[in-house]
Amino acid sequence: MDIQSILKSKMDEVSLSRLLALKNEDANAFVARAIELCEPEKVWVGTDDEADAARCRQMAIDNREELPLAVPGHTVHFDSYYDQGRNPEVTKYLVPKSETLDPKLKQIDRDQGFAEIEDLQRGAYKGRTMLVRFFCLGPVNSVFAIPCLQITDSAYVTHSEDMLYRKGYEEFKRQSARGPFEFFRFRHCTGKVTERMTCKDIERSRVYIDYMHNTVYSVNTQYAGNTVGLKKLSLRLAIRKADREGWLAEHMFIMGAHGPGGRKTYLCGAYPSACGKTATAMIPGETIAGDDLAYFRVIDGQFRAVNIEAGIFGIIQDVNAKGDPVIWDVLHHPGEVIFGNVLVKDNKPYWLGMGEEIPTRGMNYVSTDWTEGTKGPDGEETTPSHKNARYTVRMQDLKNKDPEWDNPNGLPIGGIIYGGRDSDTNVPVREAYSWEHGICTMGAMLESETTAATTGAQGVRKWNVMSNMDFLSMSVGKYLRNNLEFAAGLKRPKVFGTNYFLKKGGKYLNGMLDKAVWVKWMERRIHGDVEALDAGYGLIPKYDDLKRLFKEVRNKEYTEKDYVEQFTVRIPELLATLDRMAKIYDTVADTPKVMLDEMAAQRKRLEVLKAAKGEYIPPLDL
Ligand code: SPV
Ligand code: MN
């Protein structure tokens with residue numbers, strides 16, 4: 001059958017005319033192929049109309065992918081017990097025979113992988129409605145905009161996209177009218193489901209990325225990080241596109257840090273999952289422009305970044321009234337919110353660390369009737385809510401959203417932060433000597449102890465370049481070079497490293513909200529308001545500045561003892577980091593020379609410091 005006949009066979013007049021109005025043969029072919037392969041009962045095409053978003057939301061409720069909660073507008077979605085995070089093990093790049101891809105990236109021969117995914121998706125929409133939706137990464141009508149086409153049989157996926165992204169149907173039309181253009185496309189199939197509408201066939205879960213055709217396929221999974229095309233699936237495609245076009249696609253928040261006299265300085269931050277990224281972007285008193293994905297471009301000679309999302313898919317664990325008042329408020333008032341993998345009792349959601357008593361019985365990711373002590377199907381202990389349980393909210397519903405968050409030209413960036421989860425090495429905040437020093441020793445050497453945001457062992461120290469390692473679709477060396485060279489010759493942001501997780505005797509040395517002080521210090525440094533001490537691997541705060549900022553920001557007495565414990569330079573651990581990194585970068589074929597030079601210079605500085613002042617140097621001795 002020709003494409004038009006295939007489309008007609010499953011669509012009513014309205015859907016067909018909506019698709020054809022785009023005048024995009026590529027889009028038509030992609031939709032037709034999904035019909036042929038996945039054999040839906042019918043196909044529905046949505047536009048930017050709010051009624052279409054409402055229809056998808058209602059569909060998610062009608063088909064029980066989401067259950068309504070007591071507060072109007074709130075729903076809960078559950079993923080299968082084994083589908084609670086991104087699954088890097090089954091996420092692979094399809095590599096054509098003519099290409100080689102960095103061996104560090106999970107990959108499969110394109111022909112083999114493509115055949116496998118087509119087999120897994122064949123007939124997967126039988127008896128279901130195939131949903132076709134258009135969204136946009138970045139603001140529409142903007143140099144950042146990338147139109148996207150999502151095909152899925154999960155109304156939850158499209159509902160999430162309606163909350164998390166800008167609509168893209170009109171943008172698609174606009175760009176089609178100008179001639180051929182690149183768009184990202186996603187074909188997701190939920191696969192077989194249980195009576196709870198969660199995936200049954202988890203061993204056959206796959207996420208395959210066809211970067212040659214800007215396409216990602218996923219199957220037998222429902223967790224948003226594996227299915228919502230515009231989230232992490234698109235990031236892998238965007239990193240490639242950015243490389244072709246000379247910009248950067250980063251796993252970063254964007255926030256407005258407020259300084260003296262009404263000054264506002266925008267910061268971006270890259271933190272591996274569950275390391276305080278959203279919490280930093282949400283610091284009370286500051287403004288949030290984005291919490292997860294940022295694109296960087298040079299516009300009019302300025303280093304600018306845009307939030308390519310329009311909502312937050314955030315970790316809910318430890319969100320409480322005291323630490324996160326803004327998000328707490330949104331989660332407790334009528335309005336559109338999707339809770340994911342929390343505990344539900346009497347239509348009310350509960351989660352770990354919420355600061356309230358959690359029922360010992362309820363519905364959760366393990367069971368519709370979970371009780372304390374219930375073991376998972378794998379015999380493991382379970383928790384009332386999953387550690388990677390999530391909330392989905394819109395930017396527009398946040399009281400602390402930055403007024404400029406949606407600016408089509410992005411925001412000028414003053415500082416970039418790399419933050420990891422590390423219990424014994426790095427001080428809470430430090431500043432790089434230069435862009436190169438920061439990119440190499442803070443971004444490229446970023447390590448973090450693993451968390452529940454991905455499946456697999458937790459608490460293991462893992463190298464995670466710019467917190468983008470899971471999403472790199474090209475060699476580490478090339479990605480680093482792109483970062484090093486970006487905006488060359490222009491005023492670049494200052495680079496900082498943070499660590500909120502330093503411990504002593506098993507106890508955290510910092511309070512959850514101390515990050516508010518580090519942000520203020522970084523803001524002051526960007527404008528040269530305060531001085532810093534040279535710690536051999538970066539510049540660290542002076543005691544008097546922190547004492548003043550702790551008083552101003554947290555109304556807290558910051559003692560010299562706190563300062564010394566937190567900011568002691570731990571040379572043996574820092575040298576051990578360099579040893580680990582030297583081993584790692586030995587295995588990277590195309591490590592830029594700058595990286596090797598920066599590591600060598602860092603080692604030398606630390607060794608000189610050690611010879612002069614010992615292994616553990618209190619900051620007051622610097
Ligand atoms: C992350 O884990 O970095 C997230 C959530 O932002 S996910 O969508 O799963 O990637
Ligand atoms: Mn993320």
Side-chain angles (χ1 to χ4, degrees), residues 270-272 274-276 417-433 437-451 457-467 469 495-511 514-515 518 521 532-543 546 560-587 595-622:
Y271 297 58
C275 286
I417 312 169
Y418 294 103
R421 176 181 288 264
D422 136 35
S423 50
D424 62 9
T425 306
N426 288 295
V427 295
V429 63
R430 66 194 199 275
E431 177 189 323
Y433 301 118
H437 179 247
I439 293 294
C440 295
T441 70
M442 294 171 187
M445 283 175 42
L446 190 62
E447 284 181 303
S448 197
E449 291 154 19
T450 50
T451 67
Q458 291 174 35
V460 183
R461 207 189 303 255
K462 212 171 146 196
W463 172 57
N464 192 343
V465 178
M466 269 84 167
S467 107
M469 194 68 209
V495 183
F496 300 91
T498 59
N499 174 24
Y500 306 151
F501 302 93
L502 204 52
K503 281 185 179 172
K504 190 183 172 186
K507 272 197 161 147
Y508 288 115
L509 282 176
N510 286 104
D514 290 357
K515 51 174 93 68
W518 316 143
W521 182 78
L533 300 169
D534 189 346
Y537 81 121
L539 302 166
I540 66 173
K542 287 185 151 178
Y543 173 63
L546 289 186
E560 229 172 62
K561 182 169 170 282
D562 291 336
Y563 176 63
V564 170
E565 279 186 341
Q566 295 164 16
F567 285 90
T568 285
V569 184
R570 298 161 177 84
I571 307 252
E573 285 81 359
L574 291 167
L575 289 173
T577 307
L578 283 168
D579 291 342
R580 283 194 299 278
M581 289 301 143
K583 274 202 195 108
I584 287 175
Y585 278 97
D586 243 8
T587 69
M595 178 72 199
L596 300 174
D597 293 347
E598 287 290 348
M599 287 199 293
Q602 183 113 317
R603 182 181 293 278
K604 186 137 182 239
R605 280 191 306 268
L606 290 170
E607 269 163 1
V608 167
L609 209 53
K610 179 167 125 182
K613 301 191 173 173
E615 292 194 316
Y616 294 90
I617 310 167
L620 299 167
D621 291 355
L622 287 168

Side-chain touch R603/E607, heavy atoms, less than 4.5 angstrom:
yes
From NZ (K613) to CD1 (I617), nearest 0.5 Å
7.0 Å
To check you understand the geometry: which heavy-atom pair defines the closest contact between L609 and L622, and what is its length?
CD2-CD2, 4.3 Å
Here the pair of heavy atoms bringing C275 nearest to G420 is SG-C, 4.4 Å
Under the rule for ring-ring contact (aromatic ring centres under 6.0 Å, His included), what residues qualify as partners of Y271, not counting sequence neighbours?
F253, Y500
Going through the checks in order, is the salt bridge (charged side-chain N to carboxylate O under 4.0 Å, His left out) test met by R430 and D534?
CA-CA 9 Å; R430 66 194 199 275; D534 189 346; over 6 Å; no
Between R461 and R580, is there a side-chain heavy-atom distance shorter than 4.5 Å?
yes
Pairwise side-chain contact, V429 with W521, heavy-atom cut-off 4.5 Å (strictly under):
yes
Quick one: CG on L446 to OG1 on T577, what's the gap to the nearest 0.5 Å?
11.0 Å
Taking T587 for its side chain and I584 for its backbone only, find out whether a donor-acceptor pair lies under 3.5 Å.
yes
Close side-chain approach of L574 to T425, heavy-atom, < 4.5 Å
yes
Would you say that Y508 contacts F501 through its side chain, given a criterion of any heavy-atom pair below 4.5 Å between the two side chains?
yes
Would you give the length of the straight line joining atom OG1 of T498 to atom CH2 of W518, rounded to the nearest 0.5 angstrom?
10.5 Å
Going by heavy atoms in the side chains, are D422 and S448 under 4.5 Å from each other?
no
Can you tell me how far CE of M442 sits from CD of E431, rounded to the nearest 0.5 angstrom?
8.0 Å
Y433 and R605: side-chain contact (heavy atoms from CB on, under 4.5 Å), yes or no, with the steps?
CA-CA 12 Å; Y433 301 118; R605 280 191 306 268; 3.5 Å; yes
Can you name the one residue among E573, K504, K503, E449 that meets side-chain hydrogen bond (donor to acceptor under 3.5 Å, both in side chains) with S423?
E449
Go through the steps for Y537 and V427 under the test side-chain contact (heavy atoms from CB on, under 4.5 Å), then give the verdict.
CA-CA 10 Å; Y537 81 121; V427 295; 3.5 Å; yes
Locate the shortest heavy-atom distance separating E615 from P572; write the atom from each residue and the value.
O-CD, 3.3 Å
Worked verdict on V569 versus Y616 for side-chain contact (heavy atoms from CB on, under 4.5 Å):
CA-CA 6 Å; V569 184; Y616 294 90; over 6 Å; no
For the side chain of N426 and the backbone of N499, is there at least one donor-acceptor N/O pair under 3.5 Å apart?
no
Work out which heavy atom in A432 is nearest to a heavy atom in L539; give both atom names and the distance.
O-CD1, 4.5 Å
Who pairs with Y563 by ring-ring contact (aromatic ring centres under 6.0 Å, His included), at least two apart in sequence or on another chain?
Y543, F567
Would R421 and E447 pass as an ion pair if we require N to O under 4.0 Å?
no
Shortest non-hydrogen contact from L509 toward Q566
O-NE2, 3.1 Å
With heavy-atom distances below 4.5 Å as the criterion, would you say the side chains of T568 and P619 are in contact?
yes
Mind checking the CG-CG spacing from L502 to D514? Nearest 0.5 Å is all I need.
11.5 Å
State, with a plain yes or no, whether a side-chain heavy atom of L606 is found less than 4.5 Å away from one of L578.
yes
About how many Å separate CG of D597 and CD of Q602, when rounded to the nearest 0.5 Å?
13.0 Å
Apply side-chain contact (heavy atoms from CB on, under 4.5 Å) to the pair L575 and K610, showing each step before the final yes or no.
CA-CA 10 Å; L575 289 173; K610 179 167 125 182; 4.2 Å; yes
List the atom of V465, the atom of A444, and the distance in Å for their closest heavy-atom pair.
CG2-O, 4.1 Å
